[in-house]
Amino acid sequence: MPNQSGSVYGLTILSPIINDEKSTPSHDLQIRKYLATLPAGEGSPFALTPGTHLARLVVMDDVIYVGMPACEEHLKSKYLIFESNCDAGLDAYLSGLARSIPQHLDAIWSHCVGYPGAANEAEFVRYMKACQLETTFFFAAVNGKSVEQTLKALQTQRAVADFIATHQGMEPAKLQEEFASFASSLRAMPVPRPGSMGPERYIKTGGHNE
């Protein structure tokens, strides 16, 4: 079904950015500046929000004309794009955002038309849903798995890869002994913290639609 793949929800939100010629710097530049300061990994605000598998924020200046036979079209405003893969339950997820990182939400979306603020949770949820686009052909690589289950799987994958890399050529009996100890330690490991298993964020600045 649209927006959802198994138990994972694909959220796409486009919020029009305020166009005020008297604003210096412009609202879109203020968003870009704030996004550039956000930490990645465990320090990311979205690592604090329950149910977030991944999140991405992009400022879109305009659509690109790719030439004939496409028609040349332009947006009436710049847009803030928010994409997230989250555990299913849209209202609960949006409410969780409003409760867990209101200061970041207000710092970003206060530059968007009609944003009511995160303090009014019901209005915040209504606004976000009003800006939502249907996510079609959504595929989740972690279909049916929660954030915690996915983090545990990534932890296991990384640990097994490291074990293989460091135990090449070991005698079979010793290898079995080492693997038994490794498996026991792996089962006892706590679930990794959100944001701790992903790659470092790459920030691109200076171009269009970053």
Side-chain angles (χ1 to χ4, degrees), residues 3 9-67 70-86 90-91 93-136 138 194-196 198-210:
N3 297 325
Y9 194 95
L11 179 61
T12 304
I13 290 175
L14 267 70
S15 303
I17 298 173
I18 297 170
N19 182 17
D20 182 0
E21 295 180 354
K22 297 180 181 179
S23 178
T24 305
S26 62
H27 287 279
D28 65 294
L29 287 179
Q30 292 184 61
I31 293 176
R32 292 179 198 271
K33 181 180 179 180
Y34 191 82
L35 294 181
T37 67
L38 289 180
E42 294 180 59
S44 168
F46 294 97
L48 304 175
T49 59
T52 302
H53 289 266
L54 60 88
R56 184 186 186 198
L57 286 158
V58 179
V59 173
M60 182 169 66
D61 297 310
D62 203 350
V63 292
I64 297 174
Y65 177 54
V66 296
C71 297
E72 183 172 0
E73 298 178 304
H74 297 281
L75 299 174
K76 294 182 179 179
S77 70
K78 296 181 181 182
Y79 281 85
L80 172 65
I81 303 175
F82 174 54
E83 297 176 322
S84 174
N85 286 9
C86 56
L90 179 58
D91 284 31
Y93 177 68
L94 292 174
S95 293
L97 285 177
R99 290 192 297 267
S100 57
I101 54 169
Q103 71 280 18
H104 293 293
L105 298 174
D106 289 347
I108 298 168
W109 267 272
S110 62
H111 301 287
C112 294
V113 177
Y115 177 68
N120 189 330
E121 189 176 306
E123 283 300 304
F124 171 81
V125 172
R126 182 201 61 76
Y127 172 82
M128 289 298 197
K129 292 173 73 173
C131 294
Q132 182 184 5
L133 295 183
E134 185 177 87
T135 304
T136 57
F138 174 54
S196 64
E200 290 298 317
R201 181 187 62 174
Y202 173 67
I203 302 174
K204 178 183 176 183
T205 59
H208 290 293
N209 301 337
E210 297 166 9

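Between Pro45 and Leu38, the closest heavy-atom pair is CG-CD2, 3.9 Å. Nearest heavy-atom pair, Leu105 versus Ala118, reported as atom, atom and distance to 0.1 Å: CD1-CB, 4.2 Å. Residues Ala98 and Phe124 approach most closely at CB-CD2, 3.7 Å, considering heavy atoms. Considering all non-hydrogen atoms of both residues, Ile17 and Tyr79 come closest at CD1-C, 3.6 Å. Listed here is the closest heavy atom pair of Leu90 and Lys129: CD2-CG, 4.1 Å. For the residue pair Pro50 and Ser100, the shortest heavy atom distance occurs at CD-OG, 4.2 Å.
Taken to the nearest 0.5 Å, the OG atom of Ser26 stands 9.5 Å off from the NE2 atom of His111. Distance check, rounded to the nearest 0.5 Å: CG of Leu14 to CE of Met60 gives 5.0 Å. For the atom pair OG of Ser23 and CD1 of Ile18, the computed distance is 8.0 Å after rounding to the nearest 0.5 Å. The CG atom of Asp28 sits 13.5 Å away from atom NZ of Lys33, with the distance rounded to the nearest 0.5 Å. Taken to the nearest 0.5 Å, the CD1 atom of Ile31 stands 7.0 Å off from the CG atom of Leu35. Rounded to the nearest 0.5 angstrom, His27 NE2 and Leu80 CG are separated by 13.5 Å.
Under the 3.5 Å distance criterion, the side-chain polar atoms of Gln30 are matched with a main-chain donor or acceptor of Pro25. Under the 3.5 Å distance criterion, the side-chain polar atoms of Asn19 are left unmatched by any main-chain donor or acceptor of Lys78. In this structure a side-chain-to-backbone donor-acceptor pair under 3.5 Å is present from Ser84 to Leu54. Between the side chain of Asp62 and the backbone N or O of Leu75 there is at least one donor-acceptor pair closer than 3.5 Å.
The aromatic ring centres of Trp109 and Tyr127 sit 6.0 Å or more apart.
Residues Met128 and Leu11 have side chains not in contact (no heavy-atom distance under 4.5 Å, counting atoms from C-beta outward).
Using bins of under 30°, 30° to 60° and over 60° for the plane-to-plane angle, the ring pair Tyr34/His104 lands in the tilted bin.
Inspection of the Thr135 and Tyr9 side chains reveals no N or O donor paired with an N or O acceptor under 3.5 Å.
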